[in-house]
Peer 1: 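Supplied in C-alpha cells, the structure appears directly below.
The sequence lines fix the lettering, A, B, ..., with proteins before strands; numbering per chain opens at 1.
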Amino acid sequence: MPSFQTSPGTRDILPPQAGRWRAFSTVFADVVESAGYQCVIPPMFEELGVFLRLGDATDVVTKEMYDFEDKGGRHIALRPEHTAGICRAFAQHRPATPWKVWYSGSNFRYEKAQAGRYRQFDQVGIEVLGASDPLLDVEVIALGWQFFAALGLRSVELMVNSLGDPGDRAAYIDALRSYLTSQSGQLSEEARATLERNPLRVLDSKRPQDASVIAGAPTIDAYLSNDAREHFASVIAGLDALGIPYRVNTGLVRGLDYYQRTVFEFVATALDNAQTAVGGGGRYDGLVEDLGGPATAGVGFALGVDRTLLACDSEDVFAGESPLVDVFVVDVIDGMTALTLCDAVRAAGYTADRAFDGRSMKSQMKSADRCGASIAVIIGADEASAGTCTVRDLSTSEQTVVQQSELIQHLTLVLGARTPRRNTQ
RNA sequence: GUGGUCGUAGCUCAGCCCGGUUAGAGCGCUAGGUUGUGGCCCUAGAGGUCGGGGGUUCAAGUCCCCUCGAUCACCCCA
C-alpha cells in the first residue's frame, strides 16, 4: 500500500484517458470559437458570497460548498460551477457586450462520489452576457447540440422549458405548493421533505410513487407572463428553424435558483447509470446585478466532461487515440547517435522516441513495436563505423541502409514531408 | 449524510461458505531460447505487510468487531 492515494471523489486522469480529455476540449473550442466565443479563465476560488446567489435552498450552497478561511481571514470557496465567477468577472471588468465566452475547467462540490459524479469534476461551457434576444438562447442551445454531434453522439435528447420571469415563477411556486400539499398523503417521504425546501424540485422526483401526483400538478405555462411566453415561443421557433429536435418538459427544473425564462438540459439516453444529464443551462438575467453589477441579461450552459465521455463510451464513439510515433531509434552502441538522430528527426517535424539504459537490441525492438512506431532506425556496430543507419519498416519488415546524414531526406520519401518544428535554438 | 456490494501481485481475478505445509492463475514487466532485429511460440525470473487495527483460536487471506478506501444507489446534481 502506498502512503498516499487520491482524496475521496478525486482521481488521476492517466494516459491515454488524459489525452482524450484534451482532445475533448479541443473539439469543444473548435465548435464554439466558430461562433465567436472566446476563452475565459476565471479563478478556481472566490469569496464565498459570489456563490451564495446560486440559491440558499440548493444543496450546492447549503451542504456541498468547499469553503474555508484563508490566512487573511477571508471566507473563500472553491468554485462549484463557472457561471457565478464569470458574472463576477463581467461586473468587475465591464467588457463590451455581448460578451461571448467559453471555458473548460474543474469545479468542486462536497458530495459522495458515484458513477459520473465526483468532488472535483470538469465542465466545459459557454456564457453570453449583455443580450436578451431569444434567438441567442437558440444559438447557445444549438452549439451544445452541435458539440455532442461533433463527438459522434447520437442518443442525446434535448429538453426545454420556461420558468418565466421571477414574478411568474413565484406565483407558480405558490400554486404548486398548495397542490402538492393537498396531495402530500400520496407522496413519498422524500418528496414531502423536498416539498418543504423547494416545491419545484418535487417535479424532478424519479420515484414511481410520486409519478401520478406529479402528472396532475399544475404546469408553469399557465403562469407565464406575455413577455415570457413570447420569448419561449421564439426559442421554440428558432429550434424548429434549425431542425433541432427537442421535447418541452414542463417538469424540467434546474438545480440552481438563478435561472429564469429558458432552461434546458441534454440527456444521454444511452447511459445506464443514474446520472444521465450530460449538460444543462438556461437564462439568468438577474445574476450580474445580484453580484453588484449593472442589470445584464445572461444565458449559457455547462456540460459535464465525465458524463459526456461516459456517454461516448456507451455509444462507442470518440475513443482516445494514442499519439503516433513515426520513428523509433534503436542504438546498441552507447545511445549517443540515438540522441542526435532523435533530435534531428524531431526538428524535421516527425515524432521520434528511443530506449534508454543501454538495453539489448531485442528489447529496444520490442519497445519500438509496443509504441506503434512506423519505422525503426537501427544503429549497430556496422552502421556506427560506416556512418549509416538501417531503416526498417515495422509493418512490412523491409530494410534499407542509408547515410545518417541522409536520414531526413529518406523519411520524407517514405513518410511524406512534415512541417519542421519551430526552431528554439 | 443514508443504504447495498467489494478490498488478495502493476492490472483482471481465483482461494474465504466448511480456518490447517512455502498464497495461486491469466495478462503485463524483465531476461533467455535466436552472439544484429519487433509481433507468434516456449522457458525462467522479479513482483504480495492478503486495505489497516483489534479479537476468537494451538493455528486466520479464510470467522467476529471496528476503521479506512473503492464502487453502485438514494438525496441532489454536470
Peer 1: With under 30° as parallel and over 60° as perpendicular, where do the rings of Y103(A) and H82(A) fit, or are they tilted in between?
Peer 2: parallel

Peer 1: Report which part of the nucleic acid L303(A) touches: base, sugar-phosphate, or nothing (heavy-atom distance under 4.0 Å, all strands).
Peer 2: nothing

Peer 1: Can you tell which of T250(A), N161(A), V248(A) makes a side chain to side chain contact (heavy atoms under 4.5 Å, CB included) with T219(A)?
Peer 2: T250(A)

Peer 1: Once you apply the 3.5 Å cut-off to both distances, tell me the Watson-Crick or G-U wobble partner of G36(B), or none.
Peer 2: none

Peer 1: Over all strands shown, is G125(A) touching base, sugar-phosphate only, or nothing at heavy-atom distances under 4.0 angstrom?
Peer 2: nothing

Peer 1: D382(A) has an atom CG; how far is it from atom P of U37(B), in whole Å?
Peer 2: 12 Å

Peer 1: Is a donor from one side chain sitting under 3.5 angstrom from an acceptor on the other, for T351(A) and D326(A)?
Peer 2: yes

Peer 1: I want to verify a distance call: between G69(B), A31(B), C76(B), whose nearest atom is closest to the Q5(A) side chain?
Peer 2: G69(B)

Peer 1: Looking only at N and O atoms, is any donor in the side chain of E383(A) or the base of G36(B) less than 3.5 Å from an acceptor on the other one?
Peer 2: yes

Peer 1: Separation of R370(A) atom CZ from C27(B) atom P, in whole Å?
Peer 2: 15 Å

Peer 1: A78(B) phosphate, OP1 or OP2: any side-chain N/O from Q275(A) under 4.0 angstrom?
Peer 2: no

Peer 1: How close or far is atom P of U37(B) from atom CD1 of I333(A), stated in whole angstroms?
Peer 2: 14 Å

Peer 1: Is there a Watson-Crick or G-U wobble partner for U71(B) with both distances under 3.5 Å, and if so, which one is it?
Peer 2: G4(B)

Peer 1: Is K366(A) salt-bridged to D369(A), going by a charged N under 4.0 Å from an acidic O?
Peer 2: no

Peer 1: Can you find an N or O donor on one side and an acceptor on the other, under 3.5 Å apart, linking the side chain of K112(A) with the base of U2(B)?
Peer 2: yes

Peer 1: So does R283(A) pair up with D137(A), basic N to acidic O under 4.0 Å?
Peer 2: yes

Peer 1: On a whole-Å scale, what distance lies between the C1' atoms belonging to U22(B) and G55(B)?
Peer 2: 27 Å

Peer 1: Taking the six-membered ring of Y110(A) as reference, does the cationic atom of R119(A) (NZ for Lys, CZ for Arg) lie under 6.0 Å from its centre and within 45° of its axis?
Peer 2: yes

Peer 1: Would you mind classifying the nucleic acid contact of Y118(A) as base, sugar-phosphate or nothing, using non-hydrogen atoms under 4.0 angstrom?
Peer 2: base

Peer 1: In whole angstrom, give the distance that lies between atom CG of D369(A) and atom P of C41(B).
Peer 2: 13 Å

Peer 1: Within the structure, does a side-chain N or O atom of R392(A) lie under 4.0 Å from either OP1 or OP2 of G38(B)?
Peer 2: no

Peer 1: Can you check the distance between G10(B) and C29(B), where both ends of the measurement are the P atom (answer in whole Å)?
Peer 2: 15 Å

Peer 1: Among the nucleotides A78(B), G36(B), A70(B), which one has an atom lying closest to any side-chain atom of F121(A)?
Peer 2: A78(B)

Peer 1: State whether a side-chain donor-acceptor pair under 3.5 Å links Q260(A) with D285(A).
Peer 2: no

Peer 1: Distance check needed: C11(B) P versus D12(A) CG, whole Å only.
Peer 2: 13 Å

Peer 1: Quick one: label G280(A) by what it contacts on the DNA or RNA (base, sugar-phosphate, nothing), any heavy atom closer than 4.0 Å.
Peer 2: nothing

Peer 1: Counting only heavy atoms and a strict 4.0 angstrom limit, can you tell me which residues of residues 395-406 of chain A come near RNA chain B?
Peer 2: S397(A), Q399(A)

Peer 1: Taking CZ in F45(A) as the centre, count heavy atoms belonging to other residues, nucleotides or ligands within less than 6.0 Å. Is the count above 12?
Peer 2: no

Peer 1: Ignoring hydrogens and angles, answer whether the base of A78(B) and the side-chain atoms of E111(A) contain a donor-acceptor pair closer than 3.5 Å.
Peer 2: yes

Peer 1: Would you say the side-chain atoms of E139(A) and Y37(A) include a donor-acceptor pair closer than 3.5 Å?
Peer 2: yes

Peer 1: Need one value for D122(A): base, sugar-phosphate or nothing, where a base atom within 4.0 Å counts as base even if backbone is also close, heavy atoms only.
Peer 2: nothing

Peer 1: Donor-acceptor pair, distance only, cut-off 3.5 Å: does the side chain of R307(A) make one with the backbone of G116(A)?
Peer 2: yes

Peer 1: What's the gap between C27(B) and G45(B) when it is taken at their P atoms, as a whole Å value?
Peer 2: 16 Å

Peer 1: Name the residue closer to the 5' end of RNA chain B, choosing between D393(A) and R117(A) according to the nucleotide with the nearest heavy atom.
Peer 2: D393(A)

Peer 1: Return the value, rounded to whole Å, for the distance between atom CG of L195(A) and atom P of C76(B).
Peer 2: 12 Å

Peer 1: Heavy atoms from C-beta onward define the side chain here; which of G32(B), U71(B), U37(B) lies closest to that of A113(A)?
Peer 2: U71(B)

Peer 1: Expressed in whole Å, how much space separates the P atoms belonging to G19(B) and C63(B)?
Peer 2: 9 Å

Peer 1: Under a 3.5 Å cut-off for both distances, is A31(B) Watson-Crick or wobble paired, and to whom?
Peer 2: U43(B)

Peer 1: Would you check if there is a donor-acceptor pair between the side chains of R261(A) and S132(A) at a distance under 3.5 Å?
Peer 2: no

Peer 1: Could you please name the partner base of G26(B), counting Watson-Crick and G-U wobble pairs only when both distances are under 3.5 Å?
Peer 2: C11(B)

Peer 1: I want to check one thing: is the phosphate of A31(B), taken as OP1 and OP2, less than 4.0 Å away from some side-chain N or O of S363(A)?
Peer 2: yes

Peer 1: Does the side chain of R307(A) get closer than 4.0 angstrom to OP1 or OP2 of C77(B) through an N or O atom?
Peer 2: no

Peer 1: Please test E315(A) against R154(A) for salt bridge (charged side-chain N to carboxylate O under 4.0 Å, His left out), starting from the C-alpha separation and ending with a verdict.
Peer 2: CA-CA 8 Å; E315(A) 290 197 39; R154(A) 303 186 59 81; over 6 Å; no

Peer 1: If you only use heavy atoms from C-beta on, which nucleotide in G38(B), C77(B), G36(B) is closest to the side chain of K366(A)?
Peer 2: G38(B)

Peer 1: Between atom CD in Q114(A) and atom C1' in G69(B), what is the gap in whole Å?
Peer 2: 17 Å

Peer 1: Heavy atoms only, 4.0 Å cut-off, all strands: where does A368(A) land among base, sugar-phosphate and nothing?
Peer 2: nothing

Peer 1: If you assign A302(A) and G380(A) each to the RNA chain B nucleotide with the nearest heavy atom, which residue ends up on the more 5' nucleotide?
Peer 2: G380(A)

Peer 1: Parallel, tilted or perpendicular, judged at 30° and 60°: which one describes the rings of F28(A) and F147(A)?
Peer 2: perpendicular

Peer 1: Select one nucleotide: of U37(B), A73(B), A78(B), the one nearest the side-chain heavy atoms of A115(A).
Peer 2: A73(B)

Peer 1: Could you please name the option among G33(B), A73(B), U71(B) that lies closest to any side-chain atom of K362(A)?
Peer 2: G33(B)

Peer 1: Under 4.0 Å, heavy atom to any atom of RNA chain B: which of residues 18-40 of chain A qualify?
Peer 2: none

Peer 1: In whole Å, what separates the C1' atom of A78(B) from that of C6(B)?
Peer 2: 27 Å

